[in-house]
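Working notes for the structure below.
As the structure is a computational prediction, the values presented were derived from the model and not from experiment.
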Amino acid sequence: MSKLQPVRGTHDLLPDRARAFRRVADAARTVAGRYGYHEMATPIFEFSEVFKRTLGDTSDIVTKEMYTFTDRSGAEVTLRPEGTAGVARAVISGGLAQRMPLKYFYAGPMFRHERPQKGRLRQFHQIGVELLGVGEPVGDVEVIALGAAILEELGVAGQTVLELNTLGNTGSREAYRGVLVDYLEARRAELSEDSVSRLARNPLRILDSKNPGDRAVVAEAPLLGDSLDDQSADFFASVRAGLDRLGIAYTLNPRLVRGLDYYCHTAFEFTTDALGAQGAVIAGGRYDGLVAQMGGPQTAGIGWAGGIERLSMLADEPDPPPRPIALVPVGPEAEAETLALADRLRRAGLVIELGYRGNLKRRLSRADRLDARAAVILGEDELARDVATVRDLDSGDQEEVALSALADRLALFS
RNA sequence: GUGGCUGUAGCUCAGUCGGUUAGAGCGCCUGGUUGUGGUCCAGGAGGUCGGGGGUUCGAAUCCCCUCAGCCACCCCA
């Protein structure tokens with residue numbers, strides 16, 4: 001730690017990366033807007049209680065991954081590990097439940113103290129949407145369709161598949177949980193160490209264990225689908241019918257689960273095999289119990305979050321920034337004049353770079369490195385005649401242009 | 001949190017049976033043009049060999065610790 005370095009698992013976003021990130025967030029925001037989901041932002045940190053209540057005291061995120069600290073007034077606060085909790089808190093504290101349904105989009109940094117690896121950082125960035133107040137399956141369909149549309153817009157639809165499952169309503173899930181625990185307890189000796197501890201805490205999670213021994217046990221486990229009551233089965237059938245109608249392909253994955261109590265019915269993930277072990281690029285589900293669990297009114301909810309880092313690794317290259325025009329003064333008089341000229345041209349909407357120092361050769365060389373489209377050379381003799389020399393840096397052609405006509409002439413380059 | 005691999009110039013990397021001033025390509029700077037870039041030629045700057053400790057006459061090279069990156073587990077976006 002003696003050398004100056006960024007905190008583990010954090011990265012500087014230099015312009016190229018920043019542009020790739022912005023492309024993901026911008027595409028998502030635009031598409032979400034077409035579905036009526038508008039951007040909101042919650043604070044980057046909340047009272048720790050907000051996350052403990054939504055994520056549960058036993059989840060890994062709460063027990064070992066949160067960036068929690070005491071601020072100068074003694075309050076225990078936490079850098080948000082995910083986005084839904086803050087939105088739910090805002091709905092309650094802002095009295096927003098008066099005007100349901102609520103449709104929100106968000107984008108921003110999240111923080112989890114995990115061991116970094118490909119597609120996983122300690123400060124990472126997510127986009128997400130939340131739909132509150134819609135308990136009908138059409139809400140699930142819309143939210144999933146929105147995710148699919150964003151992936152399409154980003155050009156990653158071909159690299160991802162939609163995995164879908166249902167957890168059923170509370171009664172169905174509790175019934176299944178009992179059946180599953182009974183089954184797993186009977187074969188406890190065959191389970192991995194991790195899964196034995198999950199048995200008490202979060203038994204559904206054992207279903208998607210990667211451990212070969214666990215998988216063998218899970219393969220013969222009772223299926224959640226068999227525990228669904230009529231209401232749960234009908235709900236899921238409606239969701240599937242809606243997706244079919246929209247032509248959104250999916251594969252059923254009965255092992256796709258969410259561990260937390262407030263999740264119910266639909267669970268889904270858009271996954272890829274192009275990112276190593278971090279397969280999920282968008283993941284979400286229905287959380288009808290969340291707002292009530294936080295102390296608000298009973299409120300249906302469904303949403304998803306997507307990893308910007310992961311999506312940007314798959315997405316098409318973002319458009320390059322516009323090529324600049326370089327202003328190249330020769331001599332002190334022209335140098336002074338250039339500052340005002342640059343200002344005028346920028347106000348006209350042009351992208352202008354000033355060479356800050358050096359002779360003509362040096363500044364042209366710099367213009368070339370900046371990938372400038374053209375250079376405006378302004379020397380004493382040009383100045384005396386109120387003209388400038390405009391050099392096309394791609395072709396090498398030069399012409400003299402009256403200063404009054406300069407902006408219009410340069411606009412032809414873009 | 002666990003395990004494996006890695007860490008030499010801004011970038012990509014060479015260099016270890018321990019031994020004189022640690023190298024290359026690219027990039028950067030200067031000059032070849034006193035008002036003309038990209039190519040070419042010549043020259044130059046730049047490294048506490050991730051950090052700390054140890055072994056040794058001598059460590060980039062061996063040992064220990066530590067930090068970071070990558071990969072997998074765990075967890076998840």
Notebook entry, point to check: Checking all strands, does A:Leu121 fall into the base, sugar-phosphate, or nothing category for heavy-atom contacts under 4.0 angstrom?
Noted result: base
Margin query: Using a 4.0 Å heavy-atom cut-off, does A:Ile377 contact any base of the nucleic acid, only the sugar-phosphate backbone, or nothing at all?
Written below: base
Check: How far does the P atom of B:A60 sit from the matching atom of B:G54, given to the nearest Å?
Finding: 15 Å
Notebook entry, point to check: Going by heavy atoms in the side chains, are A:Val87 and A:Thr84 under 4.5 Å from each other?
Noted result: no
Checklist line | Sugar-phosphate only, base, or nothing, as touched by A:Gly279 at under 4.0 Å among non-hydrogen atoms | finding: nothing
Next item on the list: For A:Gly128, answer base if it contacts any base atom (sugar-phosphate contacts may also be present), sugar-phosphate if it contacts only those atoms, and nothing otherwise; contact means non-hydrogen atoms under 4.0 Å.
Entry: nothing
Check: Within this structure, what is the CG-to-C1' distance between A:Asp12 and B:A68, rounded to whole angstrom?
Finding: 14 Å
Checklist line | A:Glu220 bridged to A:Arg187 by N-O distance under 4.0 Å | finding: yes
Note to self: Under 4.0 Å from OP1 or OP2 of B:C76: is there any side-chain N or O of A:Arg205 that close?
What the structure shows: yes
Note to self: By the 4.0 Å heavy-atom rule, please label A:Asp371 as base, sugar-phosphate, or nothing.
What the structure shows: nothing
Next item on the list: Assign A:Arg363 to base, sugar-phosphate, or nothing according to its heavy-atom contacts below 4.0 angstrom with the strands shown.
Entry: nothing
Notebook entry, point to check: Looking across every strand, which nucleic acid part, if any, lies under 4.0 Å from A:Glu382 by heavy atom: base, sugar-phosphate, or nothing?
Noted result: base
Note to self: Need one value for A:Glu82: base, sugar-phosphate or nothing, where a base atom within 4.0 Å counts as base even if backbone is also close, heavy atoms only.
What the structure shows: nothing
Notebook entry, point to check: Think A:Gln117 has a side-chain N or O under 4.0 angstrom from the OP1 or OP2 of B:C71?
Noted result: no
Check: Hey, are A:Asp208 and A:Arg255 close enough for a salt bridge, meaning a charged N less than 4.0 Å from a carboxylate O?
Finding: no
Margin query: Give me the distance, rounded to whole Å, that separates B:G15 from B:G23 when you measure between the C1' atoms they each carry.
Written below: 7 Å
Check: Under 3.5 Å, is there a donor-acceptor pair linking the side chains of A:Glu163 and A:Thr271?
Finding: yes
Margin query: Does a side-chain N or O of A:Arg362 approach OP1 or OP2 of B:U30 to a distance below 4.0 Å, or not?
Written below: yes
